[in-house]
Structure formats: structure tokens, C-alpha cells
Amino acid sequence: MNAPTAVNHLVPEFHQREVPEALIEALKARFGQQLSTAMAVRSQHGRDESSFDVPPPAAVVFAQSTQDVADAVKLASQFEVPVIPFGVGSSLEGHLLAVQGGISIDVSRMNRVVSVNADDLTVTVQPGVTRKQLNDEIKSTGLFFPIDPGADASIGGMTATRASGTNAVRYGTMRENVLALEVVTASGEVIRTGTRAKKSSAGYDLTRLLVGSEGTLGVITEITLRIYPLPEAVSAAICSFPSIEDAVRTTIQIIQLGVPIARVELIDQHTVRMVNAHSKLGLREEPMLLMEFHGSPAGVKEQAETVQDIASEHGGKAFEWASTPEERTRLWTARHNAYFAAVQSRPGCRVISTDTCVPISRLADCLLDSVKEADASGIPYFLVGHVGDGNFHFGYLLDPNAPEERVKAEQLNHALVARALALEGTCTGEHGVGLHKMGFLVDEAGVGAVDMMRTIKRALDPKNIMNPGKIFSL
Ligand SMILES: Cc1cc2nc3c(=O)[nH]c(=O)nc-3n(C[C@H](O)[C@H](O)[C@H](O)COP(=O)(O)OP(=O)(O)OC[C@H]3O[C@@H](n4cnc5c(N)ncnc54)[C@H](O)[C@@H]3O)c2cc1C
């Protein structure tokens, strides 16, 4: 074993396992050009959007089939070397870092839509299909897949992180939308979980176990998803508010009244300023809700009128509509680019992103005190939220040469998570635990529940080769 690698001062130290030359030779013999040991490729696969630096994996296998994945895992298992599945690398919590060394299995070339069953509203895809690619490919059927993390993530990665996005308030998260999986287990066997049927009572729900397993239990090689008819009418609007509190109280009331809103997103005044600069928009630099309504023309009108009334009770002004597809795309692209706009506002910065989620009635309690703390810290930040779900993200923009900023940002994150847990919420609504939130998982789930997760992990991956050192330590 090599020397321990200190990831940062807040997460444990890890021991890099040796990757024997014999394994690399065996992989070369099996995969030829599909294997890379070039440093540039390894580095690209050894980091994600998180701000940690650890040594990269020893090699990258570019899998093109389930058989490729199974063969790579079998070889890794034989040498007891870690395997880290890789989608497009947009995760935020250190999920992909080779903290115990090992090899990366990149599934981005497994990017075929296998079948579309329009009559049943299901689609089956390989894991490297990205969410935008999927929607482009099924557009002609009049159907769409609603889950939309800000990045154009892979469906495999989204399944593995139990992702969601702006549409989850209406359509749910990956948890509600994955029906069945094909998975390569830690021993290299290929198994299937679930079926295309809408429901099933057949045994343990292995699909749900694997959704959100972050590559720690197996490599997902095929996913069957629910898809939805494109709504007959869609209307989007933005509304500015005098304060974040007014925007949040509006959201709480919308949800509590049961308005079936498709999207309701908060962006604070700092983020509006950054988005204006990045996307050349002229939005009022005040806290803002971005909303979308789906349904029949009459239903959309009714929803919009109800929301407008609620918003005006809370000082909402300048309700602006975007009814053409082009206007809507411009608006939602700007929202999805908020992260990149923020990064550009402080060139060279690293980002720590928070991800707490609380029951809707607790949203104001959780968010407003956290805004006060972030303001008092002096660290530049952006605030965006899938507030209809009670989920929001502070992104602290850190100067990499000012370690004290990182310490402060971690303190803010700790205070925020403690507050969310006290309000019966979670440390992560959608990004997952990865490396960064391992300590928080114990606070949230308790030692007993984490021990049960460890028992499952040991049973399914006795050599601890599947993305080891993530979610919890063994
Ligand atoms: C700008 C920006 C905005 C974002 N917005 C959101 C958001 O709104 N909602 C949200 O949920 N997330 C968001 N994210 C986070 C990220 O996009 C999601 O976590 C996404 O699901 C990761 O997918 P990926 O393909 O990039 O996976 P990767 O980053 O490649 O991998 C993520 C994890 O999944 C595992 N994995 C990947 N593929 C497989 C597979 N086939 N089998 C088993 N395990 C696998 C990896 O080992 C790793 O642990 C955002 C990220 C960025 C950069």
C-alpha cells in the first residue's frame, strides 16, 4: 500500500491500492485501443466537478457493450482492484475520485436508445445516453423524459446518483422514473432487476437499491425509464420579488394549495446578476421565481392565474410570460447555465455546492437563516433552488489560494446541514453523498442504518472493489 492520501481536512484519509502491471497487461490484451493509460485521459476521469484533488485512476476502459463491462469487472475482481464507473463526470461530491486507486470504466460509448415503447410510455437505453440525446431521439414520438439535472448528464450517472432537476416537483426524480435495470455485479455477473410493468410486488426491490448506489454495488448497463406525453400546452413565467422570503412564501403556498406546477425555481439576486452577465439577459436583479405550467390550455391558464394571485399577495411583480418554445428555451438555458455563470463571475474559483432538502413547510425556516449566515461570511456565493421540492443549493465561490475561505464555506455547509436535519430534511436532495457528505450521512441516517448499508455492501461486493470509499467507509 502507498502512503495515505489526504483529500481535505474534513473527509477521512484514504489508502491507494496497488494496481498490478499484470492487470494492465491483461486489460490491454482484452481491450486494445479501448484502454487508455495516457495521463490526460486518466486525469479527466479522476476528477469531477468537486474541488478535491487525488491521484487519477491507473487506466480507463472505454466499454462498448455489457460484455466489455463484465470482462473488465471480472479482471479487476481477480486482482482485487477498484472499479469506478464513469458517465460524463458532472457529479459534484467527489463521486469519481480514485481515492483507493483502481481503474475507471467509461460507459459513454454505450449510448444507444435500445427501444421506445410509446404505447406503454417506457424507453430502454444504454447508460451512456445523455438526457438531451434521449429527448432529441424520442421527440418525434410526442413523448419526453423530464428529469433534467443542470448538466447534460448520462442516464447511467443520473440513475446511480438518484438525480432530479427542475421538473421533479411534477414528475418525480430518478427514484420514481426508473422501472428496470441491467447491472454488472461486483463479480462480473450480469443481472436484471424489475420489468416494464408499471408495478410489481416480486421480492426485494433491487432496482430501488441500485438507484442512488453511486457505483458502489455494480455497473448499470441498461435502464428502462418512464416517459411522458409532451404537454398540450406549456407556459413559462418569471416573477421578481422584494425579498427571498417573499419568493419562498409564494412557493410554499403554491405547493400547499396543490397547484400541479411543473417547475418552480428560485434564483437569488446575486445569481440573476451573474446570469445576466453570462447569458446577456436583462433580468431585474432581484430574487426571482422561474415557473412552468403544463397541461391543457384551460388547465395551464387556471394554474397561472392562481399562481399570479398568490405571488401578488407576497409582493411579486413584473410577471413576464414566455410562451414561445424559443423564449422558454432561452429562459431555462439561462437557469441551467447559472452554475457556469457563477463560476465565470470569479475566474479561477472552486465551488462548494450545498444540496439540502426539507419538507416544504420548513423551507423558509431553513433557507432564510442560511442566507443571513452566507451574507455575513463575506464569501461570494450564488443561490438557486428547486424550491417546489424544498431543495436548494448555495454555491460558495472559493479562491483556491485562500484556504481560510474553504474552512469558512465548510462551516457554513455544516451549519446548513445541521439546520436541515433538525427540520427533518436531508443533507442531499439530489447530488448524492460521494465523498464530501459521508460524515453527514451518519448524522442523517444514524449508525444503525449506515451499518445496514455496510452489511449490504459487504454481501454484494465482498472484495470492496466497486467505487470503494464512497457514501460510507467500511
Ligand atoms: C452545472 C451542474 C448542474 C447540476 N444540476 C443538477 C441538478 O439539478 N440535479 C441533480 O440531480 N444533479 C445535478 N448536477 C449533478 C450531476 O449532473 C448529477 O449528479 C448527474 O446525475 C451525474 O451524472 P454523470 O453522467 O455526470 O455521472 P458521473 O459524474 O460520471 O458519475 C456519478 C456517479 O455515478 C456513478 N456512475 C456513473 N455511471 C454509472 C453506471 N453506468 N453504473 C453505475 N454507476 C455509475 C459514478 O461512479 C459516480 O459515483 C449538476 C451538475 C452540474 C455540473
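Reckoned from all heavy atoms, side chains included, excluding hydrogens, waters and symmetry mates. Every number for a ligand or one of its atoms is a count from 1 in the order of the listing.
Protein residues with any heavy atom under 4.0 Å from ligand 1: Glu49, Pro85, Phe86, Gly87, Val88, Gly89, Ser90, Ser91, Leu92, His95, Leu96, Val107, Pro127, Pro149, Gly150, Ala151, Ala153, Ser154, Gly156, Gly157, Met158, Ala160, Thr161, Ala163, Ser164, Gly165, Glu214, Gly215, Gly218, Val219, Ile220, Tyr339, Phe340, His386, Glu430, His431, Asn467.
Side-chain atoms of Ser104 and Asp106 form no donor-acceptor pair, as typed in the model, at a separation below 3.5 Å. A donor-acceptor contact closer than 3.5 angstrom is absent between the side chains of Thr426 and Thr428. The closest side-chain donor-acceptor pair between Thr66 and Glu182 falls under 3.5 angstrom.
In this structure, Phe440 has its ring center under 6.0 Å from that of His414.
More than 12 heavy atoms of other residues, nucleotides or ligands shown are found within 6.0 angstrom of CZ on Arg458.
Of the possible donor and acceptor atoms, none in the side chain of Asn167 sits under 3.5 Å from a partner among the backbone N and O of Arg263.
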